[in-house]
Amino acid sequence: MSEHITIHAPAKVNLALHVTGQREDGYHLLDSLVAFTEVGDRVTVETSGHDAFTLSGRFAESLAGGGDNLVIRARDALRALMADPASTPPVRIHLEKNLPIASGIGGGSADAAATLRGLMSLWRIDLPSQVLDALALSLGADVPMCLRSRPLIARGIGEALEPVALPALPILLVNPMVPMSTPEIFRRLTIKANPPLPVGLLTELARPLQALIPLRNDLQGPAEALEPSIAQICRDLLRHDARIARMSGSGATCFGVFETQEACDRAAQGFTRGRPGWFVAATATRA
Ligand code: C5P
């Protein structure tokens with residue numbers, strides 16, 4: 001009987017994304033507070049006679065036919081690392097694509113991280129954490145944090161990770177289904193050296209709603225200039241009783257953080273009405 005393993009690939013939300021500088025190679029230096037949500041994609045890996053990749057889920061179509069999928073790249077990169085091909089036999093990988101692509105919530109990175117986890121388990125591979133993190137980083141700046149999928153502060157280009165204590169927060173994700181190009185948004189950012197996260201943030205996070213208010217996403221200005229609906233969504237989130245409304249990553253997904261799950265669910269109903277094509281997900285962050 002074939003063995004199969006299913007791994008949850010939670011959405012990544014940049015509760016704050018402060019851009020503090022730029023490296024010589026063009027990558028930007030970040031100071032970002034990140035949480036992961038209950039909603040996400042799902043990756044299933046199973047032993048098979050030959051390699052295969054299948055897709056399902058609301059956003060499967062936007063990936064169909066794409067040979068450069070991060071799931072495939074993760075599989076191939078892990079295989080390339082193992083000297084003995086017999087240790088990485090053929091696999092069938094299924095991706096349930098529930099998150100919109102190019103949307104600032106790290107769907108592709110989460111899928112890559114879940115693929116690495118699933119295949120390491122299926123193939124009984126145990127890698128030192130530095131080796132695994134380096135492999136993850138080679139797939140994308142957000143992949144190491146997605147391997148953690150727990151609240152953290154990410155620094156460097158996103159690879160220097162510090163876990164933080166953050167309770168589960170009711171959160172509403174809203175995406176107007178306009179894909180955003182991450183390199184394009186970074187290119188449009190004129191001020192690269194912005195203030196980092198506040199020094200006292202770790203203790204302030206005991207009262208998360210208050211602590212989040214003064215934080216920023218420095219990519220939100222350039223993203224709003226390209227896509228004005230982002231500013232409107234944030235205004236609407238506040239109108240629907242969100243305590244904090246902000247954009248995640250390079251957009252266009254915006255999030256609202258609420259006092260209660262009920263308030264979050266109510267706001268979701270408001271957003272869904274009249275906007276059937278949008279991605280609207282009432283969920284919670286994982287503590
Ligand atoms: O690493 P990843 O492929 O996810 O990054 C996509 C693009 O986003 C990079 O090519 C780069 O232009 C930009 N980026 C950046 N600084 C970061 C992360 C990403 O400039 N810290």
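Remember, it's 1-based here, ligands and their atoms both numbered in the order they're listed. One-based numbering along the sequence shown. What you see is a predicted model, and the numbers here were worked out from it, not measured in a lab. Atom set for the values below is all heavy atoms of this structure, side chains included, hydrogens, waters and symmetry mates excluded.
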Using a strict cut-off of less than 4.0 Å between a Lys/Arg side-chain nitrogen and an Asp/Glu carboxylate oxygen, indicate whether [X] and [Y] qualify as a salt bridge.
X      : Y      : value
Asp41  : Arg58  : no
Arg79  : Asp51  : yes
Glu262 : Arg266 : no

- [ ] Might you list the protein residues in contact with ligand 1, defined as having a heavy atom under 4.0 Å from one of its atoms, sorted by chain and number?
- [x] Gly26, Tyr27, His28, Leu30, Gly140, Ala141, Ile157, Thr182, Pro183, Phe186

- [ ] Verify whether one side chain among Thr44 and His4 offers a donor that lies under 3.5 Å from an acceptor in the other.
- [x] no

TODO: State which residue, out of Asn14, Val174, Leu15, fulfils the side chain to side chain contact (heavy atoms under 4.5 Å, CB included) condition with Phe255.
DONE: Leu15

Task: Geometric class of the Phe279/Phe59 ring pair [parallel <30°, tilted 30-60°, perpendicular >60°] - done: perpendicular

